[in-house]
Student: 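First, the structure itself, so that you have it in front of you.
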Amino acid sequence: MAYQISDACISCGSCAGECPVGAISQGDSSYVIDAGACIECGSCAGGCPVGAISQE
């Protein structure tokens, strides 16, 4: 299952830099993950300083 960013996101952008396939981008109020592009590697979750990323 693809990873998902919760409302706890502080829009720091660290997750986007961790994604090897560029599946994360800035959304309206926080960063978002393109579920179709996500390869489920978990790099983004490991790089989130507030733990806002988890698997669906």
Side-chain angles (χ1 to χ4, degrees):
M1 301 184 93
Y3 280 77
Q4 177 174 302
I5 301 175
S6 75
D7 292 341
C9 176
I10 59 172
S11 295
C12 68
S14 64
C15 57
E18 295 292 327
C19 183
V21 295
I24 303 174
S25 61
Q26 176 68 53
D28 291 335
S29 60
S30 65
Y31 277 76
V32 293
I33 298 174
D34 177 350
C38 178
I39 60 171
E40 302 171 22
C41 66
S43 295
C44 57
C48 180
V50 295
I53 304 173
S54 61
Q55 280 189 305
E56 292 182 333

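Index from 1, following the sequence. All heavy atoms count here, side chains included; hydrogens, waters and symmetry mates do not. Since we're looking at a predicted model, the values are computed, not measured.
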Student: Under 3.5 Å, side chain of Glu40 to main-chain N/O of Met1, donor-acceptor pair present?
Tutor: yes
Student: Cys48 and Ala52: which non-hydrogen atoms are nearest, and at how many Å?
Tutor: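 The pair with the smallest heavy-atom distance is SG-N, 3.2 Å.
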Student: Can you tell me how far CD1 of Ile10 sits from OG of Ser30, rounded to the nearest 0.5 angstrom?
Tutor: 11.5 Å
Student: Among Ser25, Cys38, Cys19, Cys15, whose side-chain contact (heavy atoms from CB on, under 4.5 Å) with Ile33 holds?
Tutor: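 Checked Ser25, Cys38, Cys19, Cys15 against Ile33; only one passes side-chain contact (heavy atoms from CB on, under 4.5 Å): Cys38.
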Student: So do Tyr31 and Ser11 actually touch side chain to side chain, heavy atoms under 4.5 Å?
Tutor: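 Yes, at least one pair of side-chain atoms sits under 4.5 Å.
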